[in-house]
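One-based numbering, in listed order, for ligands and for the atoms of each. Small disclaimer: the values here were computed from a predicted structure and weren't measured.
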Amino acid sequence: MQPDPKTPEHPRTPEHPRIQRPVPPVPVRPAPAVRLDRVSKRYPAGGGAYAVREVELDIAKGEFFSLLGPSGCGKTTLLRMIGGFTDPTDGGVLLDGQDVTGLPPHQRNVNTVFQSYALFEHLSLADNVAFGLRRKGVARAEIRARVRGMLDLVQLGHLADRRPATLSGGQKQRVALARALVNRPQVLLLDEPLAALDLKLRRQMQVELKQIQREVGITFVFVTHDQDEALTMSDRLAVMNEGRVEQCGTPEDVYERPTTTFTASFMGTSNLVPGTYRSGRVTLDEGPELLVGQRPSVPDGSRVNLAVRPEKIWLSDLEPGMARVTGTVRETVYSGPTTTYLIELAPGVTVSVLEQNTVRSRREDRWSGGERVEIGWKPEHCLVLD
Ligand SMILES: Nc1ncnc2c1ncn2[C@@H]1O[C@H](COP(=O)(O)OP(=O)(O)O)[C@@H](O)[C@H]1O
Ligand SMILES: [Mg+2]
């Protein structure tokens with residue numbers, strides 16, 4: 001006799017009821033290009049201190065993702081774990097859904113561009129770029145076509161026969177980029193690749209690098225300690241502090257809605273004014289009680305910092321409903337398109353206010369210092385941070 005397929009495995013006793021659970025449809029999501037599954041790294045040489053601590057991150061395919069944070073916060077260590085140059089002490093690394101933890105770099109479809117270009121000085125640019133393809137045994141005609149395409153992409157096609165010694169820093173960095181991209185990695189890791197360039201060239205390379213990334217569609221994981229660089233280039237970024245990710249989001253999320261005091265002060269200039277929170281208002285230590293636009297997740301009576309960006313503060317024509325404070329102008333710093341005022345609200349509490357010097361601003365309206373002034377901001381433009 002055929003067994004009845006509906007026969008329960010367990011007798012239907014009250015302890016073993018046959019529960020028919022509806023099976024939820026599994027959403028088909030592409031695996032992230034990079035998944036960091038609670039990775040940690042402790043160096044024995046560092047006394048067992050954490051260089052990276054329980055980092056969880058998903059980086060999507062084709063994303064320009066930045067790791068941003070001050071020197072020593074663990075960016076390079078995290079990047080090296082993705083590349084396979086360093087093994088995590090705990091946790092795992094997945095590339096395109098595959099667990100690659102413990103695999104050496106050459107078994108991962110990942111390439112790295114370092115700050116030092118590490119070019120072969122005795123080879124032409126074309127041969128530098130072709131190097132990896134030759135080692136892989138790619139056919140000569142294909143190598144020629146791919147190298148040419150890549151050098152054109154980084155705007156160095158006309159210099160293909162030159163040696164690296166004759167190039168500028170920006171050009172060398174572009175060769176290094178071409179050499180990494182020509183292998184068509186799934187993910188390109190870049191460790192402060194623009195740090196050695198002067199400011200003007202750096203700005204130009206930021207734009208170029210972003211354009212190249214869009215063109216090739218490869219996932220970029222970009223390490224930088226420069227907030228402006230991370231804000232202008234990234235689709236998303238992770239702000240790191242002491243081995244941890246403090247906040248992860250789009251540039252706008254991180255800049256406009258920082259969730260911690262660290263992120264608020266690290267991402268550009270933020271005015272942090274200490275006070276005490278109570279039911280939708282913050283009473284400044286030496287000043288008025290101000291309405292805040294956001295319900296913070298802190299209990300009444302908490303010590304907090306009120307964070308307001310310099311460009312969100314009004315100097316004149318204040319509107320009803322604004323938070324208002326008075327202070328003394330302590331300094332006026334003219335810097336071309338903008339003027340920054342440092343305004344002291346109380347001893348030791350100074351806020352900076354940024355004003356655009358537009359066609360409508362008049363020189364004689366600028367404060368010179370010493371004046372008592374009233375400034376204000378809209379409640380929704382300040383954040384309460386603990
Ligand atoms: N090989 C190593 N041995 C011991 N400590 C290290 C090593 N590499 C990095 N560290 C430590 O780990 C921390 C993070 O370093 P790193 O990842 O280089 O930071 P970042 O790239 O953000 O400047 C630092 O405190 C650094 O001193
Ligand atoms: Mg580093």
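Between H122 and F120, the ring-plane angle classifies as perpendicular under the 30° and 60° cut-offs.
Contact record, R163 with L125: C-CD2, 4.2 Å, taken as the closest heavy-atom pair.
Among protein heavy atoms, the minimum distance from atom 12 (O) of ligand 1 is reached at A51 CB, 3.2 Å. Protein heavy atom closest to atom 15 (O) of ligand 1, with residue, atom name and distance, is T77 OG1, 3.9 Å. Among protein heavy atoms, the minimum distance from atom 9 (C) of ligand 1 is reached at Y43 CE1, 3.3 Å. Regarding atom 25 (O) of ligand 1, its nearest protein heavy-atom neighbour is G72 O, 3.9 Å. The nearest protein atom to atom 19 (O) of ligand 1, hydrogens excluded, is given as G74 N, 3.2 Å; this is a heavy-atom distance.
The existence of a salt bridge linking K210 and D235 is confirmed by a sub-4.0 Å separation between a basic side-chain nitrogen and an acidic carboxylate oxygen. Using a 4.0 Å cut-off between charged side-chain N and carboxylate O, E208 and R203 make no salt bridge.
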Subject >> Derivation of the side chain to side chain donor-acceptor pair (under 3.5 Å) call for D386 and S302 >> reply: CA-CA 8 Å; D386 58 358; S302 298; over 6 Å; no
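The residue among T76, N241, D191 with a heavy atom at the shortest distance from atom 18 (O) of ligand 1 is T76.
Taking a distance limit of 4.0 Å, we find that atom 27 (O) of ligand 1 is approached by no protein heavy atom.
Checking only distances, A45 never comes within under 3.5 Å of ligand 1, N or O to N or O.
At a cut-off of 2.8 Å, S71 does not coordinate the Mg ion (ligand 2) through any N, O or S atom.
Within the structure, ligand 1 has S71 among the residues with a heavy atom less than 4.0 angstrom away.
Checking T224 against D226 by side-chain atom types alone, no donor-acceptor pair falls below 3.5 Å. Between the side chains of T76 and D191, at least one donor-acceptor pair of N or O atoms lies under 3.5 Å.
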